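Small disclaimer: the values here were computed from a predicted structure and weren't measured. A, B, ... follow the sequence lines: proteins, then strands. Residue 1 opens every chain.
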Amino acid sequence: MADALDTEWAVRWMRETARVVAENRVLLINLDRVIGDADHGENLDRGFTAVVAKLDSSEAPETPAAVLKLVAMTLMSTVGGAAGPLYGTAFLRAATSLGDAAEIDPNAAAAMIRAARDGIVARGKAEIGDKTMVDAWTPATESAETAAQAGATAPEVLTAAANAAHAGAGATEPLIARKGRASYLGERSAGHQDPGAVSTAFILQAAAETARELFA
Amino acid sequence: MADALDTEWAVRWMRETARVVAENRVLLINLDRVIGDADHGENLDRGFTAVVAKLDSSEAPETPAAVLKLVAMTLMSTVGGAAGPLYGTAFLRAATSLGDAAEIDPNAAAAMIRAARDGIVARGKAEIGDKTMVDAWTPATESAETAAQAGATAPEVLTAAANAAHAGAGATEPLIARKGRASYLGERSAGHQDPGAVSTAFILQAAAETARELFA
Amino acid sequence: MKKLINDPRAVVNESVEGFGIAHADLVTVHPDPLFITRKDAPVQGKVGLVSGGGSGHEPLHAGFVGRGMLDAAVPGAVFTSPTPDQIIPATTAVNGGAGVLHIVKNYTGDVLNFETAAEMAEAEGVAVRSVLVNDDVAVEDSLYTAGRRGVGGTVFVERIAGAAAERGDDLDGVTAVAQRVVDSVRSMGVALAACTVPHAGVPSFDLAEDEIEIGIGIHGEPGRHRIAMEDADGITQRLLDPIVADLSLTSGDRTIVMVNGMGGTPASELYIMFRKVAQLLDGLSVTIERSLVGNYITALEMQGASLTILRVDQEMLELWDSPVHTAALRWGA
Amino acid sequence: MKKLINDPRAVVNESVEGFGIAHADLVTVHPDPLFITRKDAPVQGKVGLVSGGGSGHEPLHAGFVGRGMLDAAVPGAVFTSPTPDQIIPATTAVNGGAGVLHIVKNYTGDVLNFETAAEMAEAEGVAVRSVLVNDDVAVEDSLYTAGRRGVGGTVFVERIAGAAAERGDDLDGVTAVAQRVVDSVRSMGVALAACTVPHAGVPSFDLAEDEIEIGIGIHGEPGRHRIAMEDADGITQRLLDPIVADLSLTSGDRTIVMVNGMGGTPASELYIMFRKVAQLLDGLSVTIERSLVGNYITALEMQGASLTILRVDQEMLELWDSPVHTAALRWGA
Ligand SMILES: Nc1ncnc2c1ncn2[C@@H]1O[C@H](COP(=O)(O)OP(=O)(O)O)[C@@H](O)[C@H]1O
Ligand SMILES: Nc1ncnc2c1ncn2[C@@H]1O[C@H](COP(=O)(O)OP(=O)(O)O)[C@@H](O)[C@H]1O
Ligand SMILES: [Mg+2]
Ligand SMILES: [Mg+2]
Ligand SMILES: [Mg+2]
Ligand SMILES: [Mg+2]
């Protein structure tokens with residue numbers, strides 16, 4: 001199937017995520033510093049560095065789902081904090097949604113994003129507008145689904161998701177946090193983007209870019 | 001006897017010392033901060049404030065020696081640190097040297113300063129050049145004795161002492177301390193005046209000024 | 001940033017290693033995954049107590065591992081809750097057959113990671129209960145928020161639940177005592193200066209020479225509001241008032257009081273605050289039965305302090321007084 | 001300057017007052033002139049131990065008043081040794097008929113004030129001996145200088161001499177043990193940032209972001225030299241080497257090690273240093289028999305640490321291990 005995403009893509013996605021997270025480590029730390037505890041970038045960098053090490057050292061996973069499951073387990077056991085279990089759950093649910101398919105078609109891509117998003121909501125109980133990563137995942141899910149329904153390719157679905165996630169992350173700036181660490185600041189949390197929403201946008205952007213590159 | 005110093009002078013001397021020390025409290029703290037522990041001005045201010053309170057509350061002492069003895073006891077019990085016992089001893093020895101005389105003639109004034117200086121040396125074992133208050137008291141003693149021998153008045157004797165003390169304090173600047181707290185800095189103690197030498201100069205200056213005023 | 005550290009990423013491992021050497025008579029350090037257990041764990045027939053959280057709050061939690069307090073501490077990265085793969089083996093390692101209580105400070109990360117670990121430890125056959133410490137009155141509590149943070153009250157929960165476990169209470173009993181402490185303890189903190197997270201390298205927030213942050217937590221986060229600097233008595237009153245109100249402390253109440261340093265505050269200042277707390281509570285005819293003044297739950301080298309008050313009944317007091325032997329708290333043993 | 005204080009001139013009085021309330025079971029605070037005695041002083045037939053010095057080094061000395069350690073502590077103003085009129089009544093108050101030992105840190109002020117007090121207490125019929133603690137290897141010692149400062153070693157002298165007194169040793173015996181500790185203990189310190197004396201209001205010295213002071217004392221004074229910032233392992237080596245050299249520590253020697261925080265250093269950093277000390281001493285086949293890691297003798301909120309090593313024999317070790325019950329050090333009681 002043309003433009004379908006395979007195991008190789010999943011591996012590239014994760015390596016690219018690791019690169020982008022490392023590159024933006026300080027940015028994410030600083031976002032978290034002003035309304036949180038200054039560790040989000042460090043946590044994700046530690047986690048995705050471990051993911052890459054795991055990918056380098058283990059046998060190549062056989063399906064996209066196997067890749068995402070490996071990522072889920074690695075993040076769960078190396079990230080800690082709020083982001084560890086949330087992203088861990090997200091990747092685990094995403095893996096489950098893919099089953100043992102060898103390739104990911106546009107609808108599967110959208111379903112994967114929804115599964116990730118629903119996993120985060122199930123674990124974290126945040127609603128849209130609470131100034132969390134959910135504010136990036138939710139519009140990403142909706143845009144991905146709209147794109148898939150409109151007949152977009154898988155890379156296009158992911159691109160739609162990434163763009164929406166970026167917009168969603170930007171839109172967290174004026175919000176007053178009601179979940180996570182930023183909620184302790186009350187009104188003082190307004191005026192800054194949520195670090196988890198921003199990292200979500202980076203992750204989905206890595207998905208879109210690696211997908212586009214693979215079919216360029 | 002013209003120009004002889006009496007009990008009233010001794011009281012004025014101490015009140016003026018208290019005023020000058022209070023005025024130079026921060027200066028003395030700062031001198032002590034760079035090569036010591038930042039308390040000399042605070043210590044002396046506490047001590048001389050207590051001296052004034054004592055003079056205000058107790059019956060007027062009957063002799064100059066009684067004034068100086070009251071000062072000695074008050075400094076000893078309120079100043080602490082190195083300066084407390086050293087100045088305490090100085091004023092005690094000075095008092096002793098005056099006996100129960102009602103007035104202090106030029107020779108007695110010089111003898112009083114020597115007694116104070118010898119008391120400090122006996123307690124602190126510092127030699128000239130060790131960068132301590134001894135470096136102010138020693139030239140003060142010598143100048144006072146020279147002036148007295150040359151027939152100076154008591155105010156003139158004290159003025160000679162004060163001037164020499166100021167010069168002596170200034171001359172401590174290049175020295176490397178061998179006694180007191182500044183000695184811990186080794187060569188780093190050079191380049192700063194010794195706080196105790198400077199406070200000595202203030203005390204003797206107060207003596208000279210009050211003496212001069214009384215006979216102006 | 002100047003710190004007595006080597007690689008910022010090795011801070012937790014190296015410091016726990018040093019802790020293990022210094023307190024080899026009390027604890028065993030399990031290096032990978034990292035957790036600390038009391039030397040004689042598992043104590044057969046005794047409920048095991050496990051707590052943990054981000055590092056940077058020392059002596060919490062490792063300093064409270066030992067007889068009469070925790071069986072295991074699970075340190076995460078600095079200010080980052082630990083992961084389930086640390087919490088699970090810590091939990092099974094201290095299960096003496098009577099089950100394990102997780103003492104969890106109320107932060108999303110701690111809650112989620114302990115939740116996962118509890119689930120998986122249960123799956124391995126360990127009976128696990130949890131209590132959530134949420135004593136910080138600086139934080140608004142509502143159904144729609146993350147709720148109050150767990151701060152100083154944690155020390156009280158660990159001590160008193162630890163005593164109940166040592167006494168032989170069963171899992172439900174220990175859990176009930178722990179919950180009773182949670183329900184009766186409140187805290188509030190102040191910062192004069194921020195701390196610097198090693199991997200971040202810059203202070204968590206900036207305060208002018210004449211400003212302080214009221215209502216800070218223990219993670220270098222800014223507080224609820226910023227006010228002009230005040231004297232110790234005024235600040236103490238600001239910390240005490242919301243606690244008294246929230247606990248509805250009234251004449252005749254008995255308390256244990258902790259004046260806690262955030263890491264960079266001289267003991268003398270903590271005692272000046274304690275003096276004022278004693279005066280104010282005395283004015284309310286509230287009794288201070290016991291007290292702790294010192295660094296018990298810190299935020300690296302933050303300058304500031306927190307006040308924690310536990311309303312006690314006779315049983316809690318007796319549990320408090322029973323022997324405890326840990327690196328940071330010790331009496332009767 | 002931001003501090004949790006009220007009037008800078010009331011710091012010592014208010015903090016000691018708070019200390020007295022918090023530890024009312026252990027100590028009695030005598031307010032005017034100010035000194036602190038153990039609750040049950042004078043202990044009949046026991047040698048009394050008195051120490052004191054400038055305030056700002058808490059928990060030293062008041063935190064070490066109690067069974068197995070000091071009978072009285074005499075606090076001066078911040079960084080200013082106390083006056084004879086405080087030391088004399090403290091001395092007579094703890095004389096149980098067996099005489100009193102003054103433990104004096106070697107500073108001109110402390111020496112002179114304790115000297116005067118001892119003379120006057122003797123005149124009142126109390127047998128008084130003194131030991132001078134001078135353990136700081138950063139300071140050059142010669143006949144013509146004020147000699148070495150007394151720093152961390154003081155804690156060891158107070159503990160071990162306190163144990164000897166509790167054991168029933170007579171005045172000469174306790175003095176001899178104290179002197180033995182003085183002869184066998186050495187220290188060295190480092191500062192990353194200065195402290196601010198309350199009445200001065202500005203930091204004692206300025207250090208650039210990449211500089212540290214080696215060989216500092218406990219009074220906010222600058223050190224012997226300033227070097228570029230290094231990692232914890234490197235700094236630890238710099239503190240350890242001169243101590244090892246001065247004590248001529250060799251294979252088979254037994255020690256008690258203290259890694260002490262200066263007031264503003266997180267516990268985690270102290271444990272990182274302790275880890276390195278343990279590695280280095282292990283490399284020399286020198287044994288660490290016991291250790292203290294924490295804030296025991298501070299310089300207000302100074303950021304930094306000091307290392308103290310005592311070479312012990314079996315008797316000192318047994319005295320060390322005997323029961324002690326003070327606010328800051330407690331075991332076996
Ligand atoms: N309840 C929640 N639901 C969804 N996301 C959350 C929740 N709580 C926190 N987050 C996300 O986690 C991010 C913080 O992650 P991180 O800094 O790694 O963990 P911690 O807050 O434990 O330090 C926040 O920016 C937010 O996006
Ligand atoms: N051995 C000594 N002999 C003479 N003067 C001394 C001696 N030691 C210290 N001083 C004087 O004492 C001064 C310091 O006094 P102060 O700061 O009040 O006491 P401390 O050094 O105990 O903090 C020094 O500047 C010095 O002039
Ligand atoms: Mg964070
Ligand atoms: Mg001084
Ligand atoms: Mg965190
Ligand atoms: Mg001094």
Side-chain angles (χ1 to χ4, degrees), chain C residues 1-7 11-12 14-19 21-22 55-56 58-59 63 78 190 192-193 195 207 209-210 212 229 231-233 235-236 259 263-276 278 288 291-295 298 300-301 303-305 325 327-328 330-331, chain D residues 1-7 11-12 14-19 21-22 55-56 58-59 63 78 190 192-193 195 207 209-210 212 229 231-233 235-236 259 263-276 278 288 291-295 298 300-301 303-305 325 327-328 330-331:
Chain C
M1 175 189 67
K2 279 191 284 189
K3 289 177 178 290
L4 291 165
I5 62 173
N6 298 301
D7 178 357
V11 162
V12 175
E14 291 184 355
S15 132
V16 171
E17 188 185 333
F19 179 86
I21 302 170
S55 292
E58 293 70 26
V78 173
V190 62
L192 308 193
C195 58
L207 273 176
E209 211 8 77
D210 57 352
I212 58 177
M229 182 64 196
D231 66 16
D233 285 356
I235 291 169
T236 305
V259 175
T265 307
S268 51
E269 299 181 18
L270 302 179
Y271 281 113
I272 289 176
M273 292 183 70
F274 180 77
R275 166 183 171 273
K276 184 66 181 178
I288 301 178
S291 63
L292 293 177
V293 182
N295 291 350
T298 60
L300 296 168
E301 73 289 348
Q303 252 185 293
H325 184 179
R330 179 172 184 181
W331 54 74
Chain D
M1 175 188 67
K2 278 190 284 187
K3 290 178 178 288
L4 291 164
I5 61 173
N6 299 301
D7 178 357
V11 163
V12 175
E14 291 183 357
S15 132
V16 170
E17 188 185 333
F19 179 86
I21 302 171
S55 292
E58 291 70 26
V78 173
V190 62
L192 309 191
C195 58
L207 274 175
E209 215 1 81
D210 57 353
I212 58 176
M229 182 64 196
D231 65 16
D233 285 356
I235 291 169
T236 304
V259 175
T265 306
S268 50
E269 299 182 17
L270 302 178
Y271 281 114
I272 289 176
M273 292 183 69
F274 180 77
R275 167 183 171 274
K276 184 66 180 177
I288 301 178
S291 62
L292 292 178
V293 182
N295 291 349
T298 60
L300 296 169
E301 72 289 348
Q303 251 185 295
H325 184 179
R330 179 172 184 180
W331 54 74

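- Remark: D:F274 pairs with no residue by the ring pair (Phe, Tyr, Trp, His ring centres under 6.0 Å) rule, at least two apart or across chains.
- For a residue to count as touching a neighbouring chain, one of its non-hydrogen atoms must lie under 4.5 Å from one of that chain's; by this rule C:V11 touches chain D with backbone and side chain alike.
- In terms of heavy atoms, D:G264 sits closest to C:E301 at O-CB, 3.5 Å.
- Rounded to the nearest 0.5 angstrom, C:T265 OG1 and D:K3 NZ are separated by 9.5 Å.
- Put simply, of C:V16, C:V78, C:L192, C:L292, the one with the most heavy-atom pairs under 4.5 Å next to chain D is C:L192.
- For the set C:G63, C:G263, C:P59, the count of heavy-atom pairs under 4.5 angstrom toward chain D peaks at C:G263.
- Taking every heavy atom of both residues into account, C:R275 and D:E14 meet most closely at CD-O, 3.2 Å.
- Looking at D:I5, the atoms closer than 4.5 Å to chain C (heavy atoms on both sides) sit in the backbone and in the side chain alike.
- Considering NZ of D:K276 and CD of C:E17, their distance stands at 10.5 Å, rounded to 0.5 Å.
- In terms of heavy atoms, C:A22 sits closest to D:S291 at O-OG, 3.6 Å.
- Judged purely by atom type and a 3.5 angstrom limit, D:E269 uses its side chain to pair as donor or acceptor with the backbone of C:L4.
- For a residue to count as touching a neighbouring chain, one of its non-hydrogen atoms must lie under 4.5 Å from one of that chain's; by this rule D:L270 does not touch chain C.
- When heavy atoms are compared at a cutoff of 4.5 Å, C:T298 does not approach chain D at all.
- For the set D:G56, D:S15, D:S55, the entry with the most heavy-atom pairs within less than 4.5 Å of chain C is D:S15.
- Looking at D:N295, only its side chain comes within 4.5 Å of chain C, counting heavy atoms on both sides.
- Heavy atoms closer than 4.5 Å to chain C are found in the side chain of D:V293, but not in its backbone.
- Shown here are the side-chain hydrogen bond (donor to acceptor under 3.5 Å, both in side chains) partners of C:D233, two or more places apart in sequence or in another chain: D:N6.
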